[in-house]
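None of the values given here were measured: they were computed from a predicted structure. Index from 1, following the sequence.
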Amino acid sequence: MLGTIAVLLLCQLAGEAMARLLAVPVPGPVFGLTLFFALLVLRPSLAAQVGPTARLLLAHLSLLFVPAGVGVVGNLELLSRNWLAFAVILVVSTLAAMLASVGAFLAVQRWMGGGGDE
């Protein structure tokens, strides 16, 4: 398990380093995940080694949201002063994400040659 976590953290670290060295507006975790995917493609046996640890981490993923919840509770005064702005940002960003998802789906569907109803 420690070896698997080390691989994940090293990919994360390499991604962060790449993002800073290349000075591009891409988050380090995106580079790290791409590197990890490349490792899985180049070495398929790694997937079997990473699988159990990944499943364990995913099973407890909700625990990672606890610090965010504490941050919200710690800043309730700020939220109460700016609730309208936060609500508008939340609605607009949700709609933008949904529209982007639909656009990506339609683009891939056209690209793959999928019609409509068959």
K.L.:
Are Val66 and Leu57 connected, step by step, through hydrophobic side chains (Ile, Leu, Val, Met, Phe, Trp, Tyr) whose heavy atoms are closer than 4.5 Å?
P.N.:
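No, because Val66 and Leu57 fall into different hydrophobic clusters, even though each may have its own neighbours under 4.5 Å.
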K.L.:
Can you name the nearest heavy-atom pair linking Leu35 to Ala14, along with the distance?
P.N.:
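Of all heavy-atom pairs spanning Leu35 and Ala14, the closest is CD2-CB, 3.6 Å.
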K.L.:
In the single-linkage hydrophobic clustering (I, L, V, M, F, W, Y; side-chain heavy atoms under 4.5 Å), do Phe31 and Leu40 co-cluster?
P.N.:
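Looking at the clustering, Leu40 is in a separate group from Phe31.
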K.L.:
Side-chain heavy atoms under 4.5 angstrom apart, residues restricted to Ile, Leu, Val, Met, Phe, Trp, Tyr: same cluster for Leu39 and Leu42?
P.N.:
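They do not share one cluster, since no chain of ILVMFWY contacts under 4.5 Å joins Leu39 to Leu42.
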K.L.:
Give a yes or no on whether Leu58 atom CG has more than 12 heavy-atom contacts from other residues, nucleotides or ligands under 6.0 Å away.
P.N.:
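It does: Leu58 CG has more than 12 such atoms within range.
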K.L.:
In Å, rounded to the nearest 0.5 Å, how long is the span from CG of Leu95 to CG of Leu90?
P.N.:
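Answer for the CG-CG pair, Leu95 versus Leu90, is 9.5 Å.
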K.L.:
Listing request: all salt bridge (charged side-chain N to carboxylate O under 4.0 Å, His left out) pairs with a residue in residues 14-24, at least two apart in sequence or in separate chains.
P.N.:
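Those involving residues 14-24 do not exist here.
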K.L.:
Does atom CZ (Phe86) have a neighbourhood of more than 12 heavy atoms from anything else shown, all under 6.0 Å?
P.N.:
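Atom CZ in Phe86 is crowded, with more than 12 foreign heavy atoms closer than 6.0 Å.
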K.L.:
Please test Met1 against Leu56 for side chain to side chain contact (heavy atoms under 4.5 Å, CB included), starting from the C-alpha separation and ending with a verdict.
P.N.:
CA-CA 10 Å; Met1 182 179 227; Leu56 183 66; 2.6 Å; yes
K.L.:
Quick check: closest heavy atoms across Pro27 and Ala19, and the distance to 0.1 Å?
P.N.:
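So the two residues come closest at C-CB, 4.3 Å.
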K.L.:
Heavy atoms only: give me the nearest Thr4-Val50 pair and the separation to one decimal.
P.N.:
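Closest approach of Thr4 to Val50: CG2-CA, 3.6 Å.
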K.L.:
Run through Val41, Thr34, Leu33 and flag the one making a side-chain contact (heavy atoms from CB on, under 4.5 Å) with Phe37.
P.N.:
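For Phe37, the side-chain contact (heavy atoms from CB on, under 4.5 Å) test succeeds with only one of Val41, Thr34, Leu33, which is Val41.
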K.L.:
Please check if Leu22 and Val30 belong to a single hydrophobic cluster, counting links between Ile, Leu, Val, Met, Phe, Trp and Tyr side chain heavy atoms closer than 4.5 Å.
P.N.:
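The answer is yes; both residues are in one hydrophobic cluster.
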K.L.:
Are Leu79 and Leu84 linked, directly or through other ILVMFWY residues, by side chains that come within less than 4.5 angstrom of each other?
P.N.:
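No: no chain of side-chain contacts under 4.5 Å links Leu79 to Leu84.
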